[in-house]
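Below is one structure, written out as structure tokens; comments come after it.
All residue numbers in this chain count up from 1 along the given sequence.
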Amino acid sequence: GKTYLMQLLSTRFRMNHIPVCMIIPEKAFEYARLCEKLGGEFISISPASQHNINIMEIREKDSDSNKYIDGRIIESSLLVEKVQSLLVFFSLVIPDMTHEEKQMLDDAIVNTYHDFKIFQNNESIYVKDENGNKIVDSDTGKYKIKEMPILQDLYNRMEKTEGCKRMATIIRRFVYGSARNFNQPTNVNLDNEFTVIDLSNLTDDMLLLGMWIALDFASSKAKENRTTKKAIFIDEMWKLLGANRLTAGYVLNLYKTIRGYGGAVIGSTQELVDLRALDNGKYGKGIINNSQIKFILKTQPEEIKEVKETLGLSEDEANTIMTLNHQAMLIANNNNLVINIKASPMEHKYFTTDRNELAEISKQNKQRAINTY
């Protein structure tokens, strides 16, 4: 199935030293064994989780690579980019936000960063010595970044600002309520080259927010250095494309721009019809048109018409798809080929979701633990 193929592709990327970030909204536990085997970082985002990603954290970009590629260019402001991203987040939290409130929120966000001496000048995010030189972190070898504000810092300012109090009341849930773990500094490793972001414990009203946090992190990491390859996997992508224009547009823009940053986006969905749930399929069509490579797994007869029309398949190709077994149809460069999907025995052990095989793996690991003890 698609989970097996997603894990196989991600493993092969990682074996080629290409950093991978996987965004998994359902059954993320199926990726846990592989993540552990590859020494990856498994991050669970939910109100009950102990893992935190600070949504207000600004991450640096490798401006040197841009300078040596393009010469003297006007560098975009990291603060302005973060403010625009946060406005999308709050538009999800407060869908009825007025234009006046949006302007007031924009001012509150900017001033909150100013309280931390972070300005539009990108140099302002770094810790510097008395001579104005950036200080290197001895543990990471990177320049030290200033302490970043958290949601509570913004909330405190909004609560005191006329025009922001209604919005402050709405986001109080993320500061003092059941979702207050969103109001914490980042406590997970965001530099691991194999990262799985688990969103499967989020309820419907929180899933879009979790998706936004995951996408914001993944896209900002992808843009850090455009001289390096990277891959972003989005499972069950229809959840982003079917519910909200902001998140759907975010994903579509990622598909349009990621190649310019040396990256690839791999999205999966159970049925193509799911991609047409919003605006008559505007976003789903855009993503399919911007995908250079497509894999089609075995498809049920009731779904084949949609697949055939969307991807322009012949009658013979459509019939072939209904008979695939451990195979996929690969569509690339106007060529449609049937390929076998094969993993090594070791890979299969970490990909399989077959219940009998999982029971045998559990039995073997339990016996090994007893023998070790």
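In terms of heavy atoms, Asn187 sits closest to Asn52 at OD1-N, 2.7 Å. Across Leu202 and Met206, no two heavy atoms sit closer than the pair CD1-O, 3.7 Å. What you find for Gly286 and Leu252 is that their closest heavy atoms are C-CD1, 3.5 Å. Smallest separation of non-hydrogen atoms from Gly210 and Leu199: O-CD2, 3.7 Å. The two residues Tyr126 and Glu60 come nearest to each other via the heavy atoms OH-OE1, 2.7 Å. The shortest heavy-atom contact between Ser10 and Val20 is O-CG2, 3.8 Å.
Note that CD of Gln152 is 9.0 Å distant from CD of Gln184, once rounded to the nearest 0.5 Å. Once rounded to the nearest 0.5 Å, the distance linking CD1 of Ile321 with OG1 of Thr299 reads 5.5 Å. Taking CZ from Phe217 and CD1 from Ile232, the interatomic distance works out to 9.0 Å, rounded to the nearest 0.5 Å. The OG1 atom of Thr11 lies 10.5 Å from the CZ atom of Arg14; values are rounded to the nearest 0.5 Å. In this structure, Glu360 CD and Lys349 NZ are separated by 10.0 Å, a value rounded to the nearest 0.5 Å. Atoms CZ and CG, on Arg355 and Leu358 in that order, are 5.5 Å from each other to the nearest 0.5 Å.
Counting heavy atoms from C-beta on, the side chains of Ile45 and Asn201 never come closer than 4.5 Å. Considering only heavy atoms from C-beta on, Val251 stays 4.5 Å or farther from Val265 through its side chain. The shortest distance between side-chain heavy atoms of Lys146 and Ile125 does not fall below 4.5 Å. Side-chain contact check for Ile145 versus Met148: some heavy-atom pair is nearer than 4.5 Å. In this structure the side chain of Glu159 never reaches within 4.5 angstrom of the side chain of Cys164, judged on heavy atoms. Put simply, the side chain of Met6 reaches to within 4.5 Å of the side chain of Tyr31, judged on heavy atoms. Within the 4.5 Å cutoff, the side chain of Thr195 has no heavy atoms near those of the Leu190 side chain. Residues Pro25 and Asp235 meet the side-chain proximity criterion, which asks for heavy atoms closer than 4.5 Å.
Inspection of the Gln103 and Asp107 side chains reveals an N or O donor paired with an N or O acceptor under 3.5 Å. Side chains of Asp153 and Thr112: no donor on one and acceptor on the other come within 3.5 Å. A side-chain donor from one of Asn225 and Thr227 sits under 3.5 Å from a side-chain acceptor of the other. A donor-acceptor pair shorter than 3.5 Å cannot be found between the side chains of Glu36 and Tyr350. For the residue pair Tyr4/His326, the side-chain donor-acceptor check at 3.5 Å is not satisfied. For the residue pair His17 / Glu193, no side-chain donor-acceptor distance below 3.5 Å is found, with atom types taken as modelled.
For Phe194 and Phe13, the gap between ring centers reaches or exceeds 6.0 Å.
Taking a cutoff of 4.0 Å between a charged side-chain nitrogen and a carboxylate oxygen, Lys2 and Glu236 qualify as a salt bridge. Remark: Arg166 engages Asp96 in a salt bridge, criterion side-chain N to carboxylate O under 4.0 Å. Ionic pairing of Lys308 and Glu315 is present here: one or more N-O contacts between side-chain nitrogen and carboxylate oxygen are shorter than 4.0 angstrom.
With hydrogens and angles ignored, the 3.5 Å screen pairs no side-chain donor or acceptor of Ser200 with any backbone N or O of Glu26. Of the possible donor and acceptor atoms, one in the side chain of Glu317 sits under 3.5 Å from a partner among the backbone N and O of Ser314. The closest donor-acceptor contact from the side chain of Asp354 to the backbone of Glu357 lies under 3.5 Å. The main-chain N or O of Glu306 is never found under 3.5 Å from a side-chain atom of Glu309 such that the two would form a donor-acceptor pair. Listed for the Arg180 side chain is a donor-acceptor partner under 3.5 Å among the backbone atoms of Gly177. Counting only distance, with no hydrogens or angles, the side chain of Asn16 and the backbone of Arg12 share a donor-acceptor pair below 3.5 Å. Of the possible polar contacts, one joining the Ser219 side chain to the Leu215 backbone as a donor-acceptor pair under 3.5 Å is found. The backbone N or O of Thr352 lies less than 3.5 Å from a partner atom in the side chain of Arg33, making a donor-acceptor pair. With hydrogens and angles ignored, the 3.5 Å screen pairs a side-chain donor or acceptor of Ser49 with a backbone N or O of Ser44. No side-chain donor-acceptor contact under 3.5 Å links Asp106 to the backbone of Lys102.
Within 6.0 Å of atom NZ in Lys128, more than 12 heavy atoms from other residues, nucleotides or ligands are found, so the atom counts as buried in its surroundings. Heavy atoms of other residues, nucleotides or ligands lying less than 6.0 angstrom from OH of Tyr261 number 12 at most. Dense packing is recorded around CD of Glu302, with more than 12 heavy atoms of other residues, nucleotides or ligands lying under 6.0 Å away. The 12-atom threshold is exceeded at CZ of Phe295, counting heavy atoms of other residues, nucleotides or ligands nearer than 6.0 Å. When the shell of 6.0 Å around NZ of Lys294 is examined, it contains more than 12 heavy atoms from other residues, nucleotides or ligands. No more than 12 heavy-atom neighbours from other residues, nucleotides or ligands sit within 6.0 angstrom of NZ on Lys229. Other residues, nucleotides and ligands contribute more than 12 heavy atoms inside 6.0 Å of the NZ atom of Lys134. Around CG of Asn333, the count of heavy atoms belonging to other residues, nucleotides or ligands within 6.0 Å does not exceed 12.
Of the residues Ile341, Val338, Leu297, the one that meets the side chain to side chain contact (heavy atoms under 4.5 Å, CB included) test with Leu324 is Val338.
With sequence neighbours excluded, the residues that form a salt bridge (Lys or Arg N to Asp or Glu O under 4.0 Å) with Lys221 are Asp191, Glu224. Residues satisfying the ring-ring contact (aromatic ring centres under 6.0 Å, His included) criterion with Phe42, sequence neighbours excluded, are absent altogether.
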- Run the side chain to side chain donor-acceptor pair (under 3.5 Å) check on Asn54 and Thr186 step by step: do they pass? CA-CA 5 Å; Asn54 179 13; Thr186 299; 5.3 Å; no
Just list the side-chain donor-acceptor pairs under 3.5 Å for residues 78-89, sequence neighbours left out, or say none.
unit_1: Glu81; atom_1: OE1; unit_2: Lys61; atom_2: NZ; d: 3.0
unit_1: Glu81; atom_1: OE2; unit_2: Lys61; atom_2: NZ; d: 3.2
unit_1: Glu81; atom_1: OE2; unit_2: Ser76; atom_2: OG; d: 2.8
unit_1: Lys82; atom_1: NZ; unit_2: Ile55; atom_2: O; d: 3.1
unit_1: Lys82; atom_1: NZ; unit_2: Glu57; atom_2: O; d: 3.3
unit_1: Lys82; atom_1: NZ; unit_2: Asp216; atom_2: OD2; d: 3.1
unit_1: Ser85; atom_1: OG; unit_2: Asp216; atom_2: OD1; d: 2.6

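Relative ring orientation between His114 and Phe119 is described as tilted, the plane-to-plane angle lying within the 30° to 60° band.
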